[in-house]
Amino acid sequence: MPLLALARPLLRPFDGVGRSVACIAVGVLVQLAALLVVAVPWLPGGPDEVLSVLAAVAVPLAVLAAAAPVLSAVQRARFRNRLGVEIAAPAPAGSVVRRLRAESTWRQVRYHLLVGPLLALGGAVTLLLWAAAGVAATVYVWIWALPPEVRLANIGYTTQAAYVTLAGAAGLYAAAWLSGVLARTDARAAARRLGPSRAELLEQRVEEVTESRAGVLDAADAERRRIERDLHDGAQQRLVSMAVNLGLAKVTLKDLPEDARKVIDEAHREAKEAIAELSSLVRGLHPAVLEDRGLDAALSGIAERTPLPVGLRADLPVRPAPAVEAVAYFVVSEALANVVKHARATRADVRVETRGGILLVVVTDDGVGGADPTGGTGLAGLAKRVASVDGTFSISSPAGGPTVVTVELPCAP
Amino acid sequence: MRAVIAEDSVLLRIGLVKVLEAAGFDVVAETGDAEAVLAAVEEHRPGLVVLDVRMPPGFTDEGVRAALVIRKQWPDTAVLLLSQYVEERYAADLLSGDTRGVGYLLKERVADVEEFIDALRRVAGGGTALDPQVVSQLLLRRHSDPLDRLTPRERDVLELMASGRSNAGIAQALVVSESAVAKHINSILAKLDLPKADADHRRVLAVLRFLGVG
């Protein structure tokens, strides 16, 4: 066992050597077929004049270039089946003109006309090496297969044969190593030239990430809505019912002792406070009015609850997407909360309008200014929420005011 | 007075029935959807209908639409709408035309049983009951007009006035004398170029017209 463990690194070139050799062999066959196409005009009776020579070179090359997609598919199948290496096809370019102009087409042609043939040449050499080394390593077998007279005529052949066998073994080792290197090089070169380019891969990745992010946002949004519904249909109704009963007790049980009335009064007040608290929590999650009636109605609710005069101008001919509406609502709600907390303002103005494919939200106040977007978590949270739908967030707040928060959110026009 | 209740949340419906009965109403029918409430009104001809805005099957504004039908077909029936949140358009729809016997309150007001009973009686008696939030939200929309000429105190008075309170109610709410309230109201009506009027509902009507919903 320890011996085998020692030998393992030495035997590494033989790992998966069968697959490498198969891959190389198929590659050589494919290139031979392509070579045949190029060679057809040169068969006996071929061209002799300059023009026809040029044509004899150009036409087969053009044919190969035209057949690039098919050849690429064949090559991809080779790597998939022989090596288990998956090479994605680049995005289809469409029409012939666009295909000719596509960078991916010329990358493929480079592989089929230059890289592929060179590697196939190396492959052919390797296969020959396998054959030669195989024969050399087994030279004794061949010698015994010869008539005995030959052996008698060459006394002393055993020493030479031993050298040949050793050379064959070394050759086999080299061939195995070379096969591995060649197959790997081929796979790498093919991946680079037959697959999508780095830019395309990144583009695809960005698309996937954007899509999955949108999915996550939608899921979070749906979850908020579900919690809002559950709270509204469950706990809130129960609290209202309880408060109604307590209120009724207050109204109808006039002849209770003073301390009993006090207790009921207290419980009633607390129940109402709980309702108010729960309502504001639910509004913070996802206000029902936003879903039912849209941004305009929901914003006038916020403006009304803000304890200073708020001017609201909303110009929304069409409703933006729910996720965008939710972010806009959140922006105004947070911005006004900040105004109340920090700005010492006497009034605030909210303007919401769609301009092309942009939902513009501007919140202005006449307070003391000096808001720092890097300071508190409020503004940073706003910026993050806006960024989650690819919007832009900016704030201008010089010392002494006024403060202007501007948010642009992309929405389909 | 006979009353009909339409509210799809069972808990709240039970509470409403109790409150209405405590207020001396005779609840002749309680339903959970808008279709049924019209049938119930047709059958019982109640003096008052209390409706939830959002009801099955669509859970949008079935209650408002039913209320509008009731206002049109049975103008003598008072209608009180309950809503989870303020929607100005509902208020505007409901208040366009005759504003006698109309109310629009947030659901959570039901918990203030005493005030809610006041509002019920006022609406049933042909008055108006608007949620303070509805009024201030309606005022919010028109800050660029003669309202700017009002003093903050006059604005307070106007809001309370628009929600259907009497002079005495306004005086109580603002902790001032009734004569002070009357002075404020005269000043408001003058500033808003409205002719002097003494009947309570005409006063509300004038305010609502000014708010752009009457």
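A, B, ... follow the sequence lines: proteins, then strands. Residue 1 opens every chain. Since we're looking at a predicted model, the values are computed, not measured.
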In this structure, CG of B:L174 is separated from CZ of B:R165 (nearest 0.5 Å) by 9.0 Å
Residue pair A:M242 / A:L239, side-chain heavy-atom distance below 4.5 Å:
yes
I'd like to know if B:K107 and B:E7 make a salt bridge, using a cut-off of under 4.0 Å between side-chain N and carboxylate O.
yes
Is it true that a side-chain atom of A:S279 and a backbone atom of A:I275 form a donor plus acceptor pair closer than 3.5 Å?
yes
Residues A:R261, A:D265: salt bridge by 4.0 Å N-O rule
no
Among B:K18, B:E108, B:E114, which residue has the highest count of heavy-atom pairs closer than 4.5 Å to chain A?
B:K18
Interchain contact, A:V251 with chain B, by part (heavy-atom threshold 4.5 Å)
side chain
Do you know which of B:D61, B:V19, B:V110, B:I117 has the most heavy-atom pairs under 4.5 Å to chain A?
B:V19
What are the residues of residues 27-35 of chain B, in order of number, with any heavy atom under 4.5 angstrom from a heavy atom of chain A?
none
Verify salt bridge (charged side-chain N to carboxylate O under 4.0 Å, His left out) between B:R155 and B:E159, making sure each step is shown before the conclusion.
CA-CA 6 Å; B:R155 273 181 85 104; B:E159 284 192 29; 5.0 Å; no
Chain B interface, residue from A:K250, A:H268, A:Q236 that has the most non-hydrogen pairs under 4.5 Å:
A:H268
Engaged part of B:R54 at the chain A interface, taking heavy atoms whose separation is under 4.5 Å:
side chain
Ignoring hydrogens and angles, tell me if any N or O in the side chain of B:R2 forms a donor-acceptor pair with the backbone of B:L48 under 3.5 Å.
no
Salt bridge between B:R109 and B:E115, side-chain N to carboxylate O under 4.0 Å?
no
CD-CG distance between A:E228 and A:D233, expressed to the nearest 0.5 angstrom
8.0 Å
Go through B:D112, B:V10, B:L12 and name the one with the most non-hydrogen pairs under 4.5 angstrom from chain A.
B:D112
